[in-house]
Each structure stands twice: as structure tokens, then as C-alpha cells.
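A short write-up of the structure that comes next.
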Amino acid sequence: MSLAINVSSSSSGISSSISFPSSELKVSQIGSLRLSDRTNVSAASLSLSGKRSSVKPLNVQSFTKESMVPQAATMVASEVAEKVVEVEDFEELAKRLENASPLEIMDKALEKFGDDIAIAFSGAEDVALIEYAHLTGRPYRVFSLDTGRLNPETYRLFDTVEKHYGIRIEYMFPDAVEVQALVRNKGLFSFYEDGHQECCRIRKVRPLRRALKGLRAWITGQRKDQSPGTRSEIPVVQVDPVFEGLDGGAGSLVKWNPVANVEGNDVWNFLRTMDVPVNTLHAAGYVSIGCEPCTRAVLPGQHEREGRWWWEDAKAKECGLHKGNIKESDNANNAAGNVNGTTTSVADIFKSENVVSLSRQGVENLMKLENRKEAWIVVLYAPWCPFCQAMEGSFDELADKLGGSGVKVAKFRADGDQKEFAKRELQLGSFPTILVFPKNSPRAIKYPSEKRDVDSLTSFLNLVR
């Protein structure tokens, strides 16, 4: 079918007729309304540079203004009616699904959003999400952020997962111009000096933002136990508080977290039971896996997030992808402490009766002693830090083991008002920091290893005390 446009101008007296195939006149989207192809268009009037032109299809009778108005109103009302969607209360839905299994949550997510939802896959244990989606029997999409600096093992897992499930992962890449500018101006490893946020923003956050603009919902592998200081209140489903979806604006994107209430050990039990392909880095001690320069294996007694951005404080160990789930106010309070260096919201740690609690005055006195009668091992800590919490058991055990041996085991809370002092005088880099004050030596020696088990600490003590 073809459509003719007859244009006439009263000032010039020129009349012309142009024919187009109807397929060229399709309009896919205007504002928030989707218009289907129409072959019966009554008439339209356009104003061009103050001159009136008429546009009408061939062999269609003309209508008066009076007859056009109700028809146009009917058309618009019909289109708006087609776009009416039931508004979901996702807070209420999260409460209803709080005790649901990950499989049930995944099924609900895919049922509600169909092709407008996708799984965010990082190449780590979140492969469990793909297995859950596969088990629902519903169609599903998977996307991943290729930062350009992933481990070779992660790329191999991507390939294995695609073949195992018969899918194609939708890869998102950073903007080449932005990456080039960053590397040329600051070098390849600037994040070791000024923090990882800028690099993550370019390589991860902005590509994610682009990916989510084509969706109405996304599925993540966030768990509450991954980072107690920042992710402890993740709901199983929520309106995304940071990113925007396909329709744009606040509230246009829904975020599903099917394994929010599942512990890491249970995720791994599921992966083993279902014989799901996993990243070979896990067998080498890697738990949380990101980019190669910013990820390393963790040791016994360490929290899983301690393998990420290990040169930074615990409160900085987020890349920005899940900024909306970070408990900002709690982190601010944790970082700032209070005037007395104590807290009312976080329980203290290292509570063995053989651990001496030092005040700032006590630490200063210890530093002034040149001929100590006993060696001291002191942990600089913050009770809210998950990595300090992870070593509590081994440090208490060390204190009990060394009781009466001529070595004092002590703790000094070094956050809040004491942090600058600890950084300046006690070599504090990040929490926890462990110092040994040897006998007959005025200078403290910083424990250099991430191995915080009892045997490793004891061996170091025997070498330097």
C-alpha cells in the first residue's frame, strides 16, 4: 500500500504530490506512547513557516473540524489505555518474598518482566543466578561488564557458561576514549595511589548505566553476608534507588536480589550439587572476583571482601555498582566515631580477658618505652570493620595462648578521632593493622602479611620480639 501527500501553498500556487510506501511512515515511539501502524488516517493539518499545508491519504473523504475532534480524542484515549500498567508495590512484594527460595524469587522476576529483565553476571559465584533462571524454564537474558582488565580465568568461564547453557552473554564495554584519557593521564595503575573509584566509574559504572537504560529490571547476586558493613539490609526486590531504566526517571528500574538472604556456603553447596561451571580462581583461594589488578586470594580468617582493593579501608570496598544498597549513614558514623572513641551502635571485639585494651595515653606511653620488660603485639582496629571481625577469633586465641609467656597482647581502637593519630604515629594504613613492640627497642614493627591465623602471628612474634 502507498500513501500520497498532497501539498498546496496559497502564496505560491504550487501543488505537488509525493507517494511513499506505508512502511516508511511507521512511528515507533512518541514520548511514552507507542503508536501502531495506521492505514486509516483521517486528516492532519501542519503549519509550516506560517503557511498552511494539508496532508491526507489518497481516496479518503475530508472531515470537518467538528468530526475530527472526537475522533482524535478517541484515538489518544485508546493509545493511553493501552499503556495503563498496574503499579506494583515492591516494598510489599519484598515482604511477601522475604522467606521465598531463590528459585521462587527468580521465577517471579522473569514472569513479571519477561524480555525487559536481565541477569548481571560478574564471572564469580553469581553463576548460580543463571542456574536458577535455567531451572525456571523461562527465557532469560544475561549481561556482563567487560572492563578490559578481567582475569583470563574469568573470560574462559564466560565461554564455558555460554556453551553450557546455550546462551549468548550480552557484553558491555567501557568508552574507549574515556579509558584512553585515564591511562594516558594517570598510567595503568593509578588506583593504587588515589583509589579505585575513578577507574571503576569509567570501566564499570558507566557501562552498567548504559546497559540498564535498555531494561526495566535487573537481577544481581548481592548477598547480605558479603559485606556486613554495607550490604546487610538488601531486600530481595526493590525499586533501584540509583540507576534508571528504559522509561527514564526515578523509579523506572526494579532491582531483584534473589540470593540476598542466602549465605555463601549455601550458594556453594547449590553450585556443587547442580554441577554448575565455576571460575577456576575459586580453587586458588579467590572468593570475591573482580578485575585482575584489584583482586587477590583471601587467607584463612579473612573476610571474602578483603581480597578486593586490599590497600583501602573496608568502608571503601564498593565499586559503585550497588551504591544504592550501601548504608551511607552507618558508614559515616563508623568512619567518624565520636569524641570518646567509643560507639553505642557496634559491639566491641577482641574480648578475651588476656587482651589489654589500650587508650591513646597507654599507646603513647608504650611508644616512649625504650627498654620494655615484655614484648607487645597490638592490633589497631575498628569494631565495625568486617575484616577486623573476621580475625577476632584468631587474635583472641593468640592472646589466650600467650598468656603468662612474657608477651602482652593488646588492642587499640584507631577509628574516629584516633585515626589521624594512628596514621601519623602508628603506621596505620587500613584496618586491621598489627604492630609488634619488641623488648629493648623503641620502634614498633608492622606485621606485613595478610595471614592472621595464630601460627603465622606466633612465628612473626618469635622472629622479632
Side-chain angles (χ1 to χ4, degrees), residues 192-195 296-303 305-317 335 337 341 349-350 352 354-399 401-402 405-465:
Y192 290 139
E193 299 174 6
D194 58 11
R296 65 179 181 179
V298 295
L299 300 162
Q302 288 186 300
H303 189 276
R305 294 291 285 183
E306 202 160 358
R308 304 289 294 279
W309 308 294
W310 56 90
W311 63 93
E312 298 183 8
D313 281 350
K315 65 180 180 296
K317 294 180 186 288
I349 54 178
F350 309 121
S352 167
N354 291 312
V355 176
V356 179
S357 183
L358 293 173
S359 64
R360 174 166 173 170
Q361 186 63 54
V363 171
E364 290 175 336
N365 290 337
L366 184 60
M367 294 167 60
K368 292 174 184 176
L369 290 175
E370 295 187 4
N371 295 304
R372 302 181 189 88
K373 294 181 180 180
E374 299 172 307
W376 287 69
I377 179 169
V378 181
V379 59
L380 311 181
Y381 76 103
W384 48 264
C385 169
F387 314 124
C388 297
Q389 295 166 7
M391 67 164 287
E392 180 180 14
S394 60
F395 199 72
D396 282 348
E397 183 181 343
L398 177 70
K401 177 181 177 180
L402 296 177
S405 68
V407 177
K408 291 288 187 181
V409 180
K411 64 180 182 180
F412 173 62
R413 180 165 179 177
D415 64 341
D417 290 347
Q418 307 304 328
K419 188 172 183 180
E420 288 305 313
F421 162 74
K423 290 171 70 174
R424 185 177 66 252
E425 303 291 343
L426 298 173
Q427 309 173 60
L428 175 68
S430 61
F431 296 117
T433 292
I434 300 172
L435 301 176
V436 173
F437 293 84
K439 292 172 61 176
N440 306 318
S441 175
R443 188 172 183 274
I445 301 173
K446 185 176 180 178
Y447 180 61
S449 175
E450 298 293 336
K451 295 182 178 180
R452 302 187 186 112
D453 58 284
V454 175
D455 291 341
S456 298
L457 292 171
T458 302
S459 297
F460 182 73
L461 264 173
N462 291 335
L463 290 171
V464 303
R465 71 179 187 176

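This structure is a prediction, so every number in the text was calculated from the model and none was measured.
- For the residue pair Pro438 and Val464, the shortest heavy atom distance occurs at CB-O, 3.3 Å.
- The minimum heavy-atom distance between Asp415 and Pro383, with the atom names listed, is OD2-CD, 4.4 Å.
- Residue Leu457 comes nearest to Arg452 through the heavy atom pair CD1-O, 3.6 Å, listed as atom of the first residue, atom of the second, then distance.
- The closest donor-acceptor contact from the side chain of Glu392 to the backbone of Phe350 lies under 3.5 Å.
- The residue from Leu366, Val436, Val356, Val409 that alone fulfils the side chain to side chain contact (heavy atoms under 4.5 Å, CB included) condition with Val378 is Leu366.
- For the atom pair Leu435 CG and Leu380 CG, the distance stands at 4.5 Å (nearest 0.5 Å).
- One distance of note links CD1 of Ile377 with CZ of Phe395; it measures 5.5 Å at 0.5 Å rounding.
- In terms of heavy atoms, Phe431 sits closest to Ala414 at CZ-O, 3.5 Å.
- Heavy atoms of other residues, nucleotides or ligands lying less than 6.0 angstrom from NZ of Lys446 number more than 12.
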Would Leu426 and Thr433 satisfy side chain to side chain contact (heavy atoms under 4.5 Å, CB included), going step by step from the backbone distance to the final call?
CA-CA 9 Å; Leu426 298 173; Thr433 292; over 6 Å; no
Evaluate the criterion side chain to side chain contact (heavy atoms under 4.5 Å, CB included) for residue pair Ile434 and Met391; output intermediate values, then yes/no.
CA-CA 11 Å; Ile434 300 172; Met391 67 164 287; 3.9 Å; yes
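- In this structure, Leu461 CG and Ile445 CD1 are separated by 10.0 Å, a value rounded to the nearest 0.5 Å.
- Within a 6.0 Å radius of CZ in Arg424, other residues, nucleotides and ligands contribute more than 12 heavy atoms.
- Summarising the geometry of Gly406 relative to Glu374, their closest heavy-atom pair is O-CB, 3.3 Å, with the distance given to 0.1 Å.
- Considering all non-hydrogen atoms of both residues, Asp453 and Ser456 come closest at OD1-OG, 2.8 Å.
- Lys411 contributes a side-chain N or O that, together with a main-chain N or O of Ile349, makes up a donor-acceptor pair within less than 3.5 Å.
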Just do the side chain to side chain contact (heavy atoms under 4.5 Å, CB included) check on Phe412 and Leu428 with the steps written out, would you?
CA-CA 11 Å; Phe412 173 62; Leu428 175 68; over 6 Å; no
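- One distance of note links CZ of Arg413 with CG of Leu358; it measures 14.5 Å at 0.5 Å rounding.
- Checked for salt-bridge contact, Arg360 and Glu364 meet the test: a charged N lies under 4.0 Å from a carboxylate O.
- Taking the centre and axis of the six-membered ring of Phe437, the NZ or CZ atom of Arg372 falls outside the cone set by 45° and 6.0 Å.
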Apply the test side chain to side chain contact (heavy atoms under 4.5 Å, CB included) to residues Val355 and Val379: give CA-CA distance (whole Å), side-chain angles for both, the deciding distance (0.1 Å), then the verdict.
CA-CA 10 Å; Val355 176; Val379 59; over 6 Å; no
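- Rounding to the nearest 0.5 angstrom, the gap separating the NZ atom in Lys401 from the OG atom in Ser352 is 14.0 Å.
- Annotation: the span from Asp455 atom CG to Ser394 atom OG amounts to 10.5 Å, rounded to 0.5 Å.
- In this structure, Tyr381 contributes its side chain and Cys385 its backbone to no donor-acceptor pair below 3.5 Å.
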